[in-house]
Number of protein chains: 2
Amino acid sequence: MGKKKGQRKEHIYKVAQNLFRERGYAATSMRDLATAVGIEAASLYNHIRSKEEILQGICADIANQFFLALNPIKELDLTADQKLKRAIHAHIQVITNNLDASAVFLHEWRFLSEPFLSEFKTMRSNYEADYVQIIEKGIEEGVFKTIDPKFYCLTLFSSLNWIYEWYKPDGKFTVYEISKQLSHLLLNGIRKTEIV
Amino acid sequence: MGKKKGQRKEHIYKVAQNLFRERGYAATSMRDLATAVGIEAASLYNHIRSKEEILQGICADIANQFFLALNPIKELDLTADQKLKRAIHAHIQVITNNLDASAVFLHEWRFLSEPFLSEFKTMRSNYEADYVQIIEKGIEEGVFKTIDPKFYCLTLFSSLNWIYEWYKPDGKFTVYEISKQLSHLLLNGIRKTEIV
DNA sequence: CCTACCGATCGGTAGG
DNA sequence: CCTACCGATCGGTAGG
């Protein structure tokens, strides 16, 4: 019984992730969601408390996954560029394993109400700070150029967080190839002979 | 008289750009817009035909600006990396000169109805194709590594199109500095010694 | 540019 | 999980 109800809830979340991604959170009605699930709108409330609860669940889940992927890498005894490579790979894996949910996480978080909105922003700041730290260490070690760490970090994330837009699980690139090429590009650029 | 009405319309568009960016197109009501403008909701319709007409206007305007900025550069007799640098600078200028409108253009276009939606997608494809062409030429010329042009292009745009999120006109970086640093980063990476 | 109002749809609840 | 329904709000119109 409890198991069956959990499965249904799971299903509602999966469908919601897809609809919120495709149409946006605000433009997706509970009737849209119910129809896609195959039940009446009122019946949704036997499984979830509110529309926003679904959004909260999606955002918390993805946030958690990002930290679970990054935390072990932080402790490793590696040079900054190797550490950054691993972090990039971990981040890409979370996105490609959760295409719909990642898209919602990245674009629909602004519809969270307090205190979830503030929690989200704090969490995101912490995550970015971890990356900034790796980059700062790399500059100290002389592995990286003396670029502004925050600026580099924003550029890096923009590239990583765009992947859900074009990545296809059965496309021409594997996750490993994307990760390798993106790391290479952002670490070494595309120009053959560097002009200083 | 006609001039006064045009000014009001202009003002409605400016306010709409800001609201659509902050709250999203779907979550912004015509009453929100009217209140922010300082009139009643019904009065908006003396200046605009519909909510979507505003979105269409914003998207068309920004699309036009991107092409106006890029077209003259395409004809120039420059190496691919120099041409790409100029294109990047032009693209960044359009975004930083139209922060609200660019954000709407980049994220709210999916609420366009047909035929505007199809027109938008075609236009965007053409713009991307212009960049791909520059990159392909650079690979032929031996200026660029043999990276996948489409892949590089997507990464490039993701970095450029993220700028509106953090750029502040009175911030620590000028538009010229951002453009220079971003070109440098994406052309040369951040690693000091390239590992092949 | 306003008041007054339209039908449609919204998130959610009552009660079974 | 359903039928029936709530008050609120939506984009937009009529008429002045």
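In what follows, chains carry the letters A, B, and so on, assigned in the order in which the sequence lines appear, proteins first and then strands, with residues in each chain numbered from 1.
- To the nearest 0.5 Å, atom CD1 of residue B:Ile92 and atom CG of residue B:Leu182 are 5.0 Å apart.
- Under a hydrophobic-cluster definition in which Ile, Leu, Val, Met, Phe, Trp and Tyr are linked whenever side-chain heavy atoms come within less than 4.5 Å, directly or via other members, B:Ile54 and B:Leu117 are assigned to the same cluster.
- Taking atom CD of A:Glu40 as the reference point, atom P of D:dT3 lies 5 Å away to the nearest angstrom.
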Could you go over nucleotides 5-9 of chain C and give all protein N or O partners under 3.5 Å, atom names and distances?
none

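- What separates CD1 of A:Ile48 from C1' of C:dT13 is a distance of 13 Å, to the nearest Å.
- Following rounding to the nearest Å, B:Leu33 (CG) and D:dC10 (C1') show an atom-to-atom distance of 14 Å.
- Contact annotation: B:Arg8 side-chain N/O to C:dC1 OP1/OP2 distance is under 4.0 Å.
- Along DNA chain D, the nucleotide nearest A:Ala41 and the nucleotide nearest B:Arg49 are compared for position; the residue whose nucleotide lies closer to the 5' end is A:Ala41.
- When distances are taken from the side chain of B:Ile39 to each of D:dC1, C:dC2, C:dG12, the shortest belongs to C:dC2.
- Atom-to-atom, CE of B:Met30 to C1' of C:dC1 comes out at 15 Å; the value is rounded to the nearest Å.
- Ring geometry for A:His91 against A:Phe157 counts as tilted: the plane angle lies between 30° and 60°, on a 0 to 90° scale.
- The separation between A:His47 atom NE2 and C:dG12 atom P is 16 Å, rounded to whole Å.
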Begin from the C-alpha positions of B:Ser159 and A:Ser159 and carry the test side chain to side chain donor-acceptor pair (under 3.5 Å) through to its verdict.
CA-CA 6 Å; B:Ser159 299; A:Ser159 299; 3.2 Å; yes

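- If you chain together hydrophobic residues whose side chains sit under 4.5 Å apart, B:Trp166 and A:Leu106 fall into the same group.
- Between B:His107 and B:Tyr164, the angle of the ring planes goes over 60°, which puts this pair in the perpendicular group of the 30/60° scheme.
- Considering only side-chain atoms of B:Tyr45, the nucleotide from D:dA4, D:dG11, C:dC1 that sits closest is D:dG11.
- Between A:Lys9 atom NZ and D:dC1 atom P there is a gap of 14 Å when expressed in whole angstrom units.
- Between B:Phe120 and B:Phe105, the ring planes are tilted. Angles from 30° to 60° get that label.
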Secondary-structure string, 5' to 3', Watson-Crick or G-U under 3.5 Å, | for another-strand partners, for DNA chain D:
||||||||||||||||

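- To the nearest angstrom, P of D:dC10 lies 13 Å from CG of B:Leu19.
- Taking the six-membered ring for Trp and thresholds of 30 and 60 degrees, A:Tyr176 and A:His89 have ring planes more than 60 degrees apart, a perpendicular arrangement.
- Ranked by how close their nearest DNA chain C nucleotide is to the 5' end, A:Ser50 and A:Asn46 are led by A:Ser50.
- Judged by a 6.0 Å distance limit and a 45° cone about the ring axis, A:Lys180 is not positioned over the six-membered ring of A:Phe173.
- Whole-Å rounding puts the A:Leu44 CG to C:dG12 C1' distance at 11 Å.
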